[in-house]
Amino acid sequence: MEKRILVAIILSIGVLVGFQYFQSLTGGGREVGREEAAAPKKDGGKPADVAQPAEAAMRPVGGGASLRGTMVKVETPLYTAVLASEGGGRIVRWDLKRYHAKKSNGQIGLVAERDELPLTLRIPGIEGAALPFSVDREELVLKEGGAPQVLLFQHSTSAGRVERRLTFHPETYQIDVETTVLGYPSYAVSLGSNTAVIDDLDSGNLNVSVGPAARIGRDLKRESLTKGSGSDQVSGEAEWAAIEDKYFVMAAVPAKPRGGVRFEFEGPRQATLHLAEGAQKPADLKPGDPLTAVLDASGRVVRVERQRGVAVPSRNDGERIVVGKVAAVSGAQGTLQLETRHIARVVIPGAAGSAPDKIRVYLGPKERDRLAQMNAHVEDLVDFGWFTVLALPMFWVMKWIHGVFGNYGVAIILLTALLKLIFFYPTHLSYKSMKRMQDIQPKVLALKEKYKNDQTRMNQEMMEIYRKHKVNPMGGCLPMVIQVPFFVGLYNIFSLAIELRQAPFAGWILDLSDPDPYYVLPILMGASMLASQKLTPTTVDPTQAKVMLILPVIFTFMFISFPSGLVLYWTVNNILTIGQQIYINRSPAK
């Protein structure tokens, strides 16, 4: 009986993580039927055939793609940024120094699509992105341990005046933005198109949110990047608003909660891109492959990245970027048909008037500690699921161990040992209960045969045997049930925590958030699971026992695609369990 429940628990875990894996493969969570509506139509009702890719693929909102005026470079220990004076400090580039693309050595850039740049001003009736501004300097260099520095942008005409003061901090990803708008009735600030959305391929994963988000009171409102098209105004006053992917985020925190925050969406569009003369032709590209194309000023492709925006492909500020997936390739004609990805923007209304309108902006990795420094619950974006209350303490302990040893693989091993120690006694009771059940199994089988036609009497006699031998039929599985929430919490930590992204362990394990490239850990996990199963007392018949042997094989294939950190945890847990089982089996019966 207890074995069946244990099997049910194991299979439940398999269903849970298997469903999440299936979601990530199939792109679950997408709203089917909106994509057609999102594509621009010709009069005949067919999707528009875009002949000139540069403008069509990146159709500017309010002229946001244009880059004119002075370019200001900001250098800090954490990132390199380029801001455009025209438009009042719109962010053209924001390249992180401590995070790199997984498939190349390039730094990660958090500004990809440029149809509307981060911190774009929207003023009714005026092309805010093209407003001419003067800036007080053309370069800022912030040193570690140094003081914050300020960029001052000023615009003044007979129609109105705008002053924007941006304060940069050397050891954070935060900018303090103060905007004073006089003469114009109102304004809003846009966080840009897909800012910080490095990879949207996880948007269908059950645990991963990619798209706009806002905190309303105590509620966290999130929308999928793949919503389709149109605009949604968030009801209530937002403490902050953001656009995020799995590992990165741009968040804006007004001085006071603000109403009227709006999420905007655009569906995919088809674009025919022409290769520039001398440009390397894309090799081995297939329809559906993720792609980032870099265009020169004339709109021709100068190079491509076989990823979705994760590398910084731009080498100068005149280049443009298109992110999407391959629709078709024609080597003879030198063209590349691309389907752009979904686009989302977050727009926050501003407060015009003589008093500066203050907004704090964070543009960087989803590190809980850094987000918590915003003092606005922005760290809620790092959500470890149903069992966050259990996951967070384990996450903190793992980070503390990493601070001591400097290796997250070692931290996972020690955290696993700590959890095993905590659960040693209930697990000990569980195995001893299963061992007692195995010892009395012949008597139970005899009763079933004797009273096979009298179910009531059989149950009475079985309960008497359990009482006499001090055996609890549920004692073998209840301690296991207690541990399931901890496993789920760990799964979410290993899947979502950016601290594990590109964190090496040893040897061939260079990224604990990625699967083991050589399948060594999954095979060790399967072997250790099989050995543990062999040592576990069983009360099932030989046929059922043989069926149980399939579980390690199923789990081995399932864990091939899981983060190697999670597989490391499961393997170490199995090995420690084997040691505990050997100890129990050698202990004298009591």
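The figures that follow rest on heavy atoms only: side chains count, while hydrogens, waters and symmetry mates do not.
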Residues forming a ring-ring contact (aromatic ring centres under 6.0 Å, His included) with Y79, sequence neighbours excluded: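 Per chain and number, Y79 pairs via ring-ring contact (aromatic ring centres under 6.0 Å, His included) with W94.
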Trace of the side chain to side chain donor-acceptor pair (under 3.5 Å) decision for Q373 with N375: CA-CA 5 Å; Q373 292 172 5; N375 296 316; over 6 Å; no
Step-by-step side-chain contact (heavy atoms from CB on, under 4.5 Å) determination, K221 to V234: CA-CA 8 Å; K221 176 181 174 59; V234 177; 3.9 Å; yes
Note, L78 side chain near K97 side chain (heavy atom, < 4.5 Å):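 The answer is no, as the side chains (C-beta and beyond) never meet within the 4.5 Å cut-off.
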Pair listing, ring-ring contact (aromatic ring centres under 6.0 Å, His included) test, anchored in residues 345-365, at least two apart: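 As it turns out, the ring-ring contact (aromatic ring centres under 6.0 Å, His included) pairs with a partner in residues 345-365, which skip direct neighbours, are Y173-Y362.
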Inter- and intrachain pairs under ring-ring contact (aromatic ring centres under 6.0 Å, His included), touching residues 212-261, at least two apart: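 Checked against ring-ring contact (aromatic ring centres under 6.0 Å, His included) - neighbours excluded - the pairs reaching residues 212-261 are Y99-F248.
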Using side-chain contact (heavy atoms from CB on, under 4.5 Å) as the criterion, list what pairs up with [X], not counting sequence neighbours.
X: T157; value: H155, A159, Y184
X: H402; value: Y408, A411
X: A344; value: N194, P212, L225, I243, F265
X: P504; value: none

Under-4.0 Å salt bridge between R122 and E116: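 E116 and R122: salt-bridged.
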For the residue pair [X] and [Y], what are the closest heavy atoms and their distance?
X: L142; Y: P148; value: CD2-CA, 4.5 Å
X: S186; Y: A352; value: CA-CB, 4.2 Å
X: R501; Y: D511; value: C-OD1, 3.7 Å
X: A241; Y: I348; value: CB-CD1, 4.0 Å
X: I359; Y: V189; value: CD1-CG1, 3.9 Å
X: A376; Y: V253; value: CB-CG1, 3.7 Å

D369: partners by side chain to side chain donor-acceptor pair (under 3.5 Å), with sequence neighbours left out: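 Residues passing side chain to side chain donor-acceptor pair (under 3.5 Å) with D369: K399.
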Qualifying residue, where the test is side-chain contact (heavy atoms from CB on, under 4.5 Å) with [X] and the options are [options]:
X: L83; options: V92, L166, I175; answer: L166
X: V322; options: L295, V294, D115; answer: L295
X: P356; options: V177, T179, T180; answer: T180

For the atom pair [atom1] ([X]) and [atom2] ([Y]), what is the distance rounded to the nearest 0.5 Å?
X: R368; Y: F395; atom1: CZ; atom2: CZ; result: 7.5 Å
X: M250; Y: L191; atom1: CE; atom2: CG; result: 5.0 Å
X: R98; Y: L96; atom1: CZ; atom2: CG; result: 10.5 Å
X: D514; Y: L500; atom1: CG; atom2: CG; result: 11.0 Å
X: I498; Y: E367; atom1: CD1; atom2: CD; result: 6.0 Å
X: H342; Y: K227; atom1: NE2; atom2: NZ; result: 11.5 Å

side-chain hydrogen bond (donor to acceptor under 3.5 Å, both in side chains) contacts touching residues 347-359 (sequence neighbours left out):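 Non-adjacent pairs meeting side-chain hydrogen bond (donor to acceptor under 3.5 Å, both in side chains): Y187-D357, R258-D357.
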All pairs passing side-chain hydrogen bond (donor to acceptor under 3.5 Å, both in side chains) where residues 133-148 contributes a residue, at least two apart: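 Qualifying pairs: R137-Q149.
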From CA spacing to verdict: salt bridge (charged side-chain N to carboxylate O under 4.0 Å, His left out), E239, R360: CA-CA 11 Å; E239 185 175 0; R360 291 176 294 140; over 6 Å; no
Considering only distance and modelled atom types, tabulate donor-acceptor pairs under 3.5 Å from the side chains of residues 378-385, sequence neighbours left out.
{"unit_1": "D380", "atom_1": "OD2", "unit_2": "R215", "atom_2": "NH1", "d": "2.6"}
{"unit_1": "D383", "atom_1": "OD1", "unit_2": "G385", "atom_2": "N", "d": "3.0"}
{"unit_1": "D383", "atom_1": "OD1", "unit_2": "T388", "atom_2": "OG1", "d": "3.4"}

Check against salt bridge (charged side-chain N to carboxylate O under 4.0 Å, His left out), R341 and E113: CA-CA 10 Å; R341 64 177 174 180; E113 284 92 350; 2.7 Å; yes
Residue pair L152, V135: steps toward the side-chain contact (heavy atoms from CB on, under 4.5 Å) verdict: CA-CA 6 Å; L152 180 61; V135 60; over 6 Å; no
side-chain contact (heavy atoms from CB on, under 4.5 Å) between I126 and L131, intermediate numbers included: CA-CA 8 Å; I126 296 177; L131 284 177; 3.6 Å; yes
Qualifying salt bridge (charged side-chain N to carboxylate O under 4.0 Å, His left out) pairs with a residue from residues 177-197, counting only residues at least two apart or across chains: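 Non-adjacent pairs meeting salt bridge (charged side-chain N to carboxylate O under 4.0 Å, His left out): zero.
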Pair S190, R345: side-chain N/O donor-acceptor within cut-off below 3.5 Å: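 Looking only at side-chain atoms, R345 and S190 do not form any donor-acceptor pair under 3.5 Å.
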Side-chain donor-acceptor contact under 3.5 Å, T80 with E75: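 On atom types as modelled, these side chains qualify, holding a pair under 3.5 Å.
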Verdict with reasoning, S229 to E266, per side chain to side chain donor-acceptor pair (under 3.5 Å): CA-CA 4 Å; S229 60; E266 284 187 22; over 6 Å; no
Verdict with supporting geometry, L182 and R161, side-chain contact (heavy atoms from CB on, under 4.5 Å): CA-CA 5 Å; L182 296 173; R161 183 168 66 87; 2.9 Å; yes
